[in-house]
Amino acid sequence: MRRSRHGLGSRSARRLRISNVTRADTALAGMSSRKRRRIVYARIQELFRTCPSRAAAEVIDGVHMSVRHSLEDLEAYWRPILERVSDASGPTPSALNALRREEQYEGARDYSRLWVPFTTDEVKASKFNWQTAPGPDGIRPDEWRLVPAARKAETFNSWLTTGVIPEPLRQCRTIFVPKTDVPAGPGDYRPISIASIPLRHMHSVLARRLLDCCPPPPDARQRGFVCADGTLQNSAVLDAVLGDSRKSLRECHVAVLDFAKAFDTVSHRALV
């Protein structure tokens, strides 16, 4: 199956969508207070519809993060990063073949289940988030939700059989979320690529299959690639450790490690 493209690409198809809050603030300065309140109220209502947590942060906590760099600056910084093929070393074909033959978790891994035809029951059982933003194709979650599961399975099977996903569905809209209240440069933004709703639904079904045929290590500390709220669980563990330290009056040393550009070092060959 062809890999979905998450690079910036052409301006018309994969345009960058940046917040216009800075320009809006300048325009509001010359308006009456009543008109400003109406515009701000409408923007908060729209933000609450798409991202309730961020709307609540702006209203309650006074958090007001926006993109304060030009489209040209963001594109010049992020285009080479998003479109560069990773040169990190990936697993060799012999290592992959050995992994397929290796028996773990009390049984052999059956990768063939990844490519069997999709069933209606499988599509219905997939846990897809319907409260999400649409992709550049404009297909909204409520519209895709009305499509019968049998028709969705037929669509997914056609993509699986031909190995080709329609070009409009492979386009992504990239938005930039500031990591700080006042970003110092283009690197202080987190790029998020929003793909098509039908394509993301098929990916959720494939992810469920992948977990079934290739489960993560049976380690209670594993947080990534598992169906769990890793942030909540890790926060609870840290709170318990600090609480025990205070009660027992013992020293507690905590080290937080962050791997810079961790996902940039994953080889594209390993993903394919």
Side-chain angles (χ1 to χ4, degrees), residues 1-7 9-10 12-15 17 49-52 91 96-97 99-101 103-175 192-218 222-230 263 266 268-272:
M1 182 176 295
R2 296 175 60 181
R3 180 170 58 88
S4 300
R5 294 182 291 182
H6 292 268
S10 63
S12 59
R14 284 177 293 274
R15 62 187 182 280
R17 184 185 179 188
R49 187 182 67 82
T50 57
C51 184
L96 290 176
N97 292 330
L99 180 62
R100 293 189 181 97
R101 294 191 301 267
E103 292 191 357
Q104 293 184 1
Y105 313 107
E106 300 179 357
R109 298 180 179 184
D110 185 10
Y111 293 97
S112 62
R113 295 183 57 241
L114 288 174
W115 314 118
V116 298
F118 294 97
T119 63
T120 302
D121 294 337
E122 190 178 18
V123 174
K124 291 181 179 179
S126 62
K127 297 180 180 179
F128 184 74
N129 181 20
W130 299 105
Q131 303 296 326
T132 184
D137 55 5
I139 301 178
R140 301 195 308 270
D142 55 343
E143 295 174 337
W144 180 247
R145 194 172 189 174
L146 296 176
V147 178
R151 182 60 60 85
K152 294 176 183 176
E154 293 175 359
T155 303
F156 296 161
N157 286 328
S158 66
W159 299 344
L160 190 66
T161 302
T162 61
V164 177
I165 296 175
E167 178 69 19
L169 300 183
R170 290 189 283 118
Q171 309 300 329
C172 297
R173 184 177 71 252
T174 301
I175 63 175
I192 299 178
S193 295
I194 304 176
S196 169
I197 294 293
L199 182 60
R200 277 186 277 170
H201 193 179
M202 189 188 72
H203 287 171
S204 68
V205 180
L206 287 176
R208 186 186 181 105
R209 287 185 174 185
L210 184 61
L211 286 176
D212 291 339
C213 71
C214 184
Q222 175 74 19
R223 295 292 182 263
F225 305 104
V226 295
C227 298
D229 191 338
F263 288 98
V266 178
H268 287 182
R269 290 180 297 171
L271 298 177
V272 175

Tell me the closest heavy-atom pair linking [X] and [Y], and the distance in Å.
X      : Y      : result
Asn129 : Thr132 : O-CG2, 3.2 Å
Ile139 : Leu169 : CD1-CD2, 4.4 Å
Thr120 : Ala149 : CG2-CB, 3.6 Å
Pro136 : Cys172 : CG-C, 3.5 Å
Arg140 : Pro134 : CA-CB, 4.1 Å
His201 : Trp144 : ND1-NE1, 2.9 Å

Give, for atom [atom1] of [X] and atom [atom2] of [Y], the distance between the pair rounded to the nearest 0.5 Å.
X      : Y      : atom1 : atom2 : result
Arg151 : Glu154 : CZ    : CD    : 5.5 Å
Trp130 : Ile197 : CH2   : CD1   : 8.0 Å
Leu199 : Gln171 : CG    : CD    : 11.0 Å
Asn157 : Met202 : CG    : CE    : 10.0 Å
Trp115 : Leu206 : CH2   : CG    : 6.5 Å

Quick check: do Asp137 and Pro198 have side-chain heavy atoms less than 4.5 Å from each other?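 They are in side-chain contact.
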Taking Val123's backbone N and O only, do any of them form a donor-acceptor pair with Ser126's side chain (distance below 3.5 Å, no angle check)?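 Here the side-chain-to-backbone pair exists.
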Would you call Arg209-Glu122 a salt bridge at under 4.0 Å N-O?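 Salt bridge between Arg209 and Glu122, a charged N being under 4.0 Å from a carboxylate O: yes.
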Show, in sequence, the C-alpha distance, side-chain angles and deciding distance for Lys152 and Phe118, and conclude whether the side-chain contact (heavy atoms from CB on, under 4.5 Å) test is met. CA-CA 9 Å; Lys152 294 176 183 176; Phe118 294 97; over 6 Å; no
